[in-house]
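Here is the structure we will look at.
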Amino acid sequence: MMFLQSDFNFLLNGCTSFKQIKQVHAQLLHRGLDQCCYLLAKLVRTLSKLGVPMDAYSRPVFERVTSPNPFLWTAMIRGYSLQDGCLSQSVGFYCRMRRAGSRPLSFTFSALFKTCGAVKEMGLGRQIHAQTILVGGFVSDLYVGNTLMDMYVKCGVLGCARRVFDEMPERDVVSWTELIVAHAKGGDMELAEDLFGELPVKDKVAWTAMVTGYAQNARPREALYIFERMKNAGVLTDEVTLISVISACAQLGVSRYANSVRVVAETSGFGACESVLVGSALVDMYSKCGSVDVAFEVFEKMKQRNVYSYSSMIAGFAMHGRAHAAIQLFHDMVKLEIKPNHVTFIGVLTACSHASLVEQGRQVFASMEKHYGVAPSVEHYTCIVDLLGRAGRLEEALKVIETMPMEPNGGVWGALLGACRRLKNPSIARHAANHLFELEPNAIGNYMLLSNIYASAGMWDGVSEVRKLMRERGLKKNLGYSWIEAENGEIHQFSSGDTIHPMYTEIKRALEDLLNRLKAHNGYLPKLDSVVYDLSDDEKKRLLMTHSEKLALVYGLITIDGGCTIKIMKNLRICEDCHVVMCGASKITGREIIIRDNMRFHHFCDGKCSCGDFW
DNA sequence: CTAGGGTTAG
């Protein structure tokens, strides 16, 4: 008998299809093992792992057993808990189990908690929590405690999770990490950092949780700092860690560090060739670092590509203004039968938008649902509004907003407002802005944009009205800043009007010199309507000179080797005056300049920008 | 058995 049991155990372990399991089960019945709970539990677990619905096979098998043991009961509970929408069956089996007088196991509870967390059924979770106390012994079980914490975290009640943590008689690194992640996801990195500091033994997952926490909270520099500490602590990197680190690099846009991360990825066996995930992340990272060609190299080297890889590359081409490459890639993926998803289409539509390919964009939009089964969402409508707006068709864009099948959100109105800035149309701008002030009362950028549009139309009453509104709502202008990677990999950040940089006087002198040369050779005149304040022309000129991207540019011109491209990152949208200066600077210095603002990339080369002065 | 993960839009 024992021999047969282990035999069947082995057979079940090797099953990879429903059919095979059925064959093994038939054998089992043949040998008279239809009441062997140990093997039946295994059978149920295997079926559930393969995704066979519980009612299809496991349930009838179970119902023929006269006295199930706790393992078989638990297999049923777990099976239903893993199946979508079967929480009630799962709980039903738990109740039957209790009525039958069977004593639950620790993983009976963990299965239930897992489902409660997945469907955010906190009420039920609490009841089962009470049960664990009632049944006794389980509250102190490490594994039960961890899954219980996880349930409370998923239900969004951090306080309860914390209480469980505090009451656990022993905790392991999983318990700590659970709590760290919970706080990180809630945006409280300070608390996460405190917990991490207290954690006695930090493993790879715990370190990664910190890296990811910073990366997802838009604090890439701290993410990279933690990653450095992790490496120094001798903890090995894996695929998951890399993805977060790569995402941090993408946010920062710093190429030297990015290159070193790529080397780490390749030497740890998770390079673009081996891992689709890392590969796709690298594609995104290089695109956002301004190196769209390197991104494409990585893309081409990848052994496998999926919808993420293609979407990332398409988006990469789009943000660099390479519309045709983006569209070509889209057709390639369709030909290879990789099904595009909603993100893919955002990339394609953005590409059309940045290249003013209105008809092309419309065709893609129309085909989304018809040919690819992707229903346009509000984000896709945003792209269309942007497409029409950039092409100067404001009325049509407005019409789209008024007739779209869902409620327009801030993104949609924002796209319209953005278009009004370039086309200098204060009346539609006001209309869009009014919606935005309702939908996003605290988004400072909208106020700045409207006042910008009023300012360039000379409508100073409008400007002061907007400023009054901002004052009433307690909003302050976002400080603009730019950063640039020095030759040694250090990041130098400049704020507008910054005087604290050690090379400040040198930078200021060089900037004056550059502007004078631009005036002499290119007939440059400061674009005074880029200034939103009603100031004298001289004051406006002075203010324009302090813009952070100009400081960063000059720092780059002075310190970065002549053959290298100057790459500058900026947190806000580049202003028109700075754009003109960058064009001119690329011409008279013969240098290639790339600026990533919060919208897209600008490649300045020989006096021209890849955005075609159209952004 | 429990903890960490990818692409997007103004």
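Fair warning: this is a prediction, and the values are worked out from it, not measured in the lab.
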Is the shortest side-chain N/O distance from A:Gln216 to OP1 or OP2 of B:dG5 below 4.0 Å?
-> yes
Polar pair under 3.5 Å, donor/acceptor by atom type, side chain A:Glu440, base B:dG10 = yes
Given atom CG of A:Asn306 and atom P of B:dG6, what is their separation to the nearest angstrom?
-> 14 Å
Looking at the rings of A:Tyr152 and A:Phe113, which for Trp means the six-membered one, are their centres under 6.0 Å apart?
-> no
Where the side chain of A:Thr208 is defined as all heavy atoms beyond and including C-beta, which of B:dC1, B:dG4, B:dT7 is the nearest nucleotide?
-> B:dG4
Establish, with yes or no, whether the OP1 or OP2 oxygen of B:dG5 is under 4.0 angstrom from a side-chain nitrogen or oxygen of A:Lys185.
-> yes
Aromatic centroids of A:Tyr381 and A:Phe365 separated by under 6.0 Å | yes
Going by modelled atom types, is there a donor-acceptor pair between the base of B:dT2 and the side chain of A:Thr147 at under 3.5 Å?
-> no
A:Tyr143 side-chain proximity, nearest of B:dG4, B:dT7, B:dT2 | B:dT2
Pair A:Asp150 + A:Lys114, salt bridge at N-O below 4.0 Å | no
Can you check whether any acceptor in the base of B:dA3 is under 3.5 Å from a donor in the side chain of A:Thr177, or vice versa?
-> yes
Looking at A:Lys231 and A:Glu228, does any basic side-chain N land under 4.0 Å from a carboxylate oxygen?
-> yes
If only side-chain N and O atoms of A:Lys114 are considered, is one of them under 4.0 Å from the OP1 or OP2 phosphate oxygen of B:dT2?
-> yes
Compare the minimum distances between each of B:dA9, B:dC1, B:dT7 and the side chain of A:Ile346, then state the nucleotide with the smallest one.
-> B:dA9
Numerically ordered, the residues 289-297 of chain A set in heavy-atom contact under 4.0 Å with DNA chain B is none
Note: A:Lys154-A:Glu121 ion pair, threshold 4.0 Å (strictly below) | no
Whole angstrom is fine here: how far is it from CE in A:Met149 over to P in B:dA3?
-> 11 Å
Over how many whole Å does the gap from A:Glu274 atom CD to B:dG5 atom C1' extend?
-> 18 Å
Aromatic ring pairing A:Tyr447/A:Phe437, orientation class (parallel under 30°, perpendicular over 60°, tilted between) = parallel
Protein-nucleotide distance (A:Leu242, atom CG; B:dG5, atom P), rounded to Å = 14 Å
